[in-house]
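The sequence lines fix the lettering, A, B, ..., with proteins before strands; numbering per chain opens at 1. Bear in mind that the values here come from a model prediction, so they are computed numbers and not experimental data. We use all heavy atoms of the structure for the numbers below, so side chains are in, but hydrogens, waters and symmetry mates are not.
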Amino acid sequence: MPELPEVEVTRLGLLPLLNGLVYDVKIRNHSLRWPINPDLKKILYRQELVSLKRRGKYLLAYFSEGCLIIHLGMSGKISIVNKKKETIKHDHVDILFKVGEENKILRYNDTRRFGAVIWTDKDPLCHKLLNSLGPEPLKDEFNANYLYEKLKLKKQFIKSTIMDSNVVVGVGNIYASESLFLAGIKPQRQSKKIKKREVVELVKSIKVVIKNAIEKGGSTLNDFYSVNGQSGYFQNDHKVYGRESLGCMNCNEKIYQIKISQRSSFYCKKCQI
DNA sequence: ACGGCCTCCTGACGGC
DNA sequence: TGCCGTCAGGAGGCCG
């Protein structure tokens, strides 16, 4: 599920845990992408959750003495539950908080276990997983001049480049196809051959696509508490992703599906040059 | 340094 | 019904 918008929606959903004190940690399965620190319970005990930030698709839970870096991988979900809620398959981690008079549990579920829960007592932005990340797509540092300079050096396909988190964070497989469609650029164009005026469109498109998705996700934020963190933005709204052999929403020509670096990519041969 | 490929893992789905 | 291949929203790591 999680592309950047989903992670941002998750972050917002966790805000009610702020200022909570950890009184227990339960780890049912340590083997995520990297093994969870076996001392995590000892480490987090009595620490306060001070702030919740996001960098790309990484969720940063700052505690009094360090930071928990959480990545949702392909199938990770976080929800807030209470003690009565029974665990289901793949509920790997619970962090139990006392927030004011209430007990609240942060529950991490991840079917495929490509996600990560990493403790660091240093600045998480200096962690090797985060220290070379590119700009956030919605910030001004991500602009046409910046991207054009990056693309100038790149031989790879444009779709691969915009999905490279060292170029810009948060553009996943869906939004890469969607942004390129909106910008009128074929996913298999060589990056260095994209004209400046096309880069201007591409940057605009990425910002629009990401912003829309966050808004959609935000509109289902109420579900966060009641169900299990899943939000509803994901379903429709895709102009090309998953629409192979259907009619293009602009011109009605058929949408093609190709593989680029093993990932499905969708585009319209007529609308994208 | 770069880019392309493989990999981790579970589950859903389609074809035979 | 079952078995097998393929595919899935990520991204680090390895190799040429």
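Put simply, A/Y241 has a side-chain N or O that comes within less than 4.0 Å of OP1 or OP2 on C/dG9.
As judged by a 4.0 angstrom heavy-atom cut-off over every strand, A/S264 is placed among residues touching the sugar-phosphate backbone only. At a threshold of 4.0 angstrom between heavy atoms, the contacts of A/R33 include nucleobase atoms, whether or not backbone atoms are also involved. Using a 4.0 Å heavy-atom criterion, one finds that A/L129 contacts the sugar-phosphate atoms exclusively. Within 4.0 Å of A/Y58, counting heavy atoms only, lie sugar-phosphate atoms of the nucleic acid but no base atom. Counting any heavy atom pair closer than 4.0 Å across all strands shown, A/T111 reaches sugar-phosphate atoms only and no base atom.
When each of C/dA11, C/dA8, C/dG12 is scored by its nearest atom to the side-chain atoms of A/H71, the top-ranked nucleotide is C/dA11.
Rounded to a whole Å, the CD1 atom of A/I210 is 15 Å from the P atom of C/dG9. Atom NE2 in A/H127 sits roughly 14 Å away from atom C1' in C/dA11 (whole-Å rounding). With rounding to whole Å, A/M163 atom CE is found 8 Å from C/dG9 atom P.
Both distances falling under 3.5 Å, in either a Watson-Crick or a G-U wobble arrangement, place B/dC16 opposite C/dG2. Partner assigned to B/dC9 is none, using Watson-Crick or G-U wobble distances below 3.5 angstrom.
Between A/S177 and A/S265, the side chains place no donor N or O within less than 3.5 Å of an acceptor N or O (distance only, hydrogens not considered). For A/Q188 and A/Y267, the side-chain atoms include at least one donor-acceptor pair closer than 3.5 Å.
A cation-pi contact links A/K269 to A/Y256, judged by a cut-off of 6.0 Å to the six-membered ring centre and 45° from its axis. Annotation: cation-pi geometry satisfied between A/K196 and A/Y148 (NZ/CZ under 6.0 angstrom from ring centroid, within 45° of ring axis).
Between A/F63 and A/W119, the ring planes are tilted. Angles from 30° to 60° get that label.
Under a 3.5 Å cut-off, the side chain of A/R28 and the backbone N or O of A/D91 do form a donor-acceptor pair.
On the nucleic acid side, DNA chain B contacts chain A at distances under 4.0 Å to non-hydrogen atoms, with the end points of that region at B/dG3 to B/dG11.
Centre separation under 5.5 Å together with a plane angle under 30° does not hold for the ring of A/F114 and the six-membered base ring of C/dA11, so they are not marked as stacked.
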